[in-house]
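Scroll down for the structure; my scribbles are underneath it.
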Amino acid sequence: MSYIKKPVARHPSMPVNRLGLSVRDYEGSMSTLCAGCGHDSVTAALIQAFFELDVEPHRVAKLSGIGCSSKTPTYFISEAHGFNSVHGRMPSIATGANAANRDLLYVGISGDGDSLSIGLGQFCHAVRRNVNMLYLLENNGVYGLTKGQFSASADVGSKSKKGEVNRQGPIDAVSVALTLGATFVARSFSGDKEQLVPLLMAALRHRGFAFIDVISPCVTFNDHVGSTKSYAYTRAHMHEVIETDFVPIRAEIKADYDEGTVRSVKMHDGSTLRLRKVGEEYDPTDRAAVVDHLEALVQKGEVPTGLLYVSESEVDMHEFNETVATPLVHLPFEDLCPGSIGLEEVQKEWW
Ligand SMILES: Cc1ncc(C[n+]2csc(CCOP(=O)(O)OP(=O)(O)O)c2C)c(N)n1
Ligand code: SF4
Ligand SMILES: [Mg+2]
């Protein structure tokens, strides 16, 4: 993949986090995406989230498939591990890497084409296995990289740049994730950093599969009048069902909300999610109610955003499969490798 190295320019008075790192240390190469592409705003939000969480860059593993969206990992945390895989195949790479080493923080970045067309089966199984990762879908309703064909998330009636009208019903990634039992489901907008950053922080701290569908407009092929994934349409139809504030384990909870309207959810690592209802009855821990509520909003032509569903109580892939806690790379190879005789014996069991 082509990339341009970013010159290091760090003002001495730049704020630093607990590790003594500034946001600059969480940046990657210079973006080669179109100016104004939503995906670059998602990159900026990711950089902010990692910086605020004091994450050590070498503890992050960035994974992606193919598409403009799948180039995102190149543009943040140069010092992290990374694997730019094949179109639609990021989930199996993420699952395998996670099985081999549970000590890294896995971030999978995908597009609506990558996840909902060629990679739909892979996406479904990563949800179902509750792979411990942040799965970010940069959703623009088109195949940006291959010049703007409708994708499987394009809405009925949405118009292409050339005026063609999409007639096929969309696959709603949020509904799919909820139906398959995802334990953290959110939707946000690349143009709303205030909402996106705390969601990313919470998702990175969630134990299990954390899915965020981010509407991320393609300025080159899908940002015109008639498109339902444009900046203007998304701003006009965004409907925040719940405001989310992520409070890391060490920070104190500031009481800046009216009590009674706020609900706290404790996360596995001891961090807290502060959820504030926005003018309606909404319980993000009741899966069936969430599905009904979202469907009603979608029927009204609205785009529900925020932390839509969360469950901190379900087992993740490691617990379910009773995997070994130590990363495989740290296990003593000589003691554990069965050798060719051992392997033959195992194989005989399956003959
Ligand atoms: C096996 C295979 N089939 C098709 C392609 C062509 N292709 C590359 S990216 C892409 C779609 C990308 O769309 P999306 O995932 O939505 O990403 P975006 O560019 O919109 O961010 C397609 C069809 C490919 N690279 N590999
Ligand atoms: S073609 Fe669209 S999705 Fe790709 S970089 Fe340009 S604006 Fe972004
Ligand atoms: Mg796309």
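Each ligand, and each atom within it, is numbered from 1 in the order the structure gives. Along the sequence shown, residues are numbered consecutively beginning with 1.
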- Message: His87 vs Asp114, test: side chain to side chain donor-acceptor pair (under 3.5 Å). Steps then yes/no.
- Response: CA-CA 6 Å; His87 198 21; Asp114 198 61; 2.8 Å; yes
- Query: Can Ser153 and Asn139 be said to form a side chain to side chain donor-acceptor pair (under 3.5 Å), step by step?
  - Reply: CA-CA 8 Å; Ser153 73; Asn139 191 348; 2.7 Å; yes
- Message: Minimum heavy-atom separation for Tyr231 and Cys37, please, with both atom names.
- Response: OH-C, 3.9 Å
- What heavy-atom pair brings Glu312 and Lys266 nearest, and what distance separates the two atoms? CG-O, 3.6 Å
Please determine, by modelled atom types, if [X] and [Y] share a side-chain donor-acceptor pair under 3.5 angstrom.
X	Y	answer
Glu240	Thr305	no
Ser110	Ser115	yes
Thr285	Asp283	yes
Thr32	Tyr75	yes
Thr72	Glu138	yes
Glu314	Thr183	no

For [X], counting its heavy atoms only, list the atoms of ligand 2 lying under 4.0 Å from any of them.
X	result
His39	3 (S)
Cys37	3 (S), 5 (S), 7 (S), 8 (Fe)
Gly144	1 (S)
Asn140	3 (S)
Thr220	6 (Fe), 7 (S)
Phe221	1 (S)
Leu33	5 (S)

For [atom], what is the closest protein heavy atom, and at what distance to 0.1 Å?
atom	result
atom 4 (C) of ligand 1	His87 CD2, 3.6 Å
atom 4 (Fe) of ligand 2	Cys68 SG, 2.4 Å
atom 25 (N) of ligand 1	Ile66 CG2, 3.7 Å
atom 6 (Fe) of ligand 2	Cys34 SG, 2.3 Å
atom 13 (O) of ligand 1	Tyr143 CA, 3.4 Å
atom 6 (C) of ligand 1	Thr146 CG2, 3.9 Å
atom 7 (S) of ligand 2	Val219 N, 3.4 Å

- Distance col, row Glu52:CD vs Asn17:CG, nearest 0.5 angstrom, shows 9.5 Å
Does the N or O separation between [X] and ligand 1 drop below 3.5 Å for any pair?
X	answer
Ile118	no
Gly113	yes
Glu138	no
Ser69	yes

- Would you sort out whether Leu204 and Phe50 count as a side chain to side chain contact (heavy atoms under 4.5 Å, CB included), showing the intermediate values? CA-CA 9 Å; Leu204 285 165; Phe50 280 111; 3.8 Å; yes
- Query: Under 4.0 Å from any heavy atom of His39, which atoms of ligand 1 are there?
  - Reply: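 Under 4.0 Å from His39, ligand 1 has these atoms: 21 (O).
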- Under 4.0 Å from a heavy atom of Gly144: give me the atoms of ligand 1 that qualify, with their elements. 18 (P), 19 (O), 20 (O)
- Query: Is there a donor-acceptor contact under 3.5 Å from the side chain of Thr74 to the main chain of Lys71?
  - Reply: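 Present.
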- Query: Backbone or side chain, does Cys218 get an N/O/S atom under 2.8 Å to atom 4 (Fe) of ligand 2?
  - Reply: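 So Cys218 does not count as coordinating atom 4 (Fe) of ligand 2.
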- Query: Looking only at heavy atoms of Gln149, does any of them come nearer than 4.0 Å to an atom of ligand 1?
  - Reply: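 Not so, Gln149 does not reach ligand 1.
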- Item | Side chain, backbone, both or neither: the part of Val142 lying under 4.0 Å from ligand 1 by heavy atom | backbone
- Logged contact type for Asp114 with ligand 1, heavy-atom cut-off 4.0 Å, is both
- Parallel, tilted or perpendicular: which describes the rings of Phe211 and Tyr135, with under 30° parallel and over 60° perpendicular? tilted
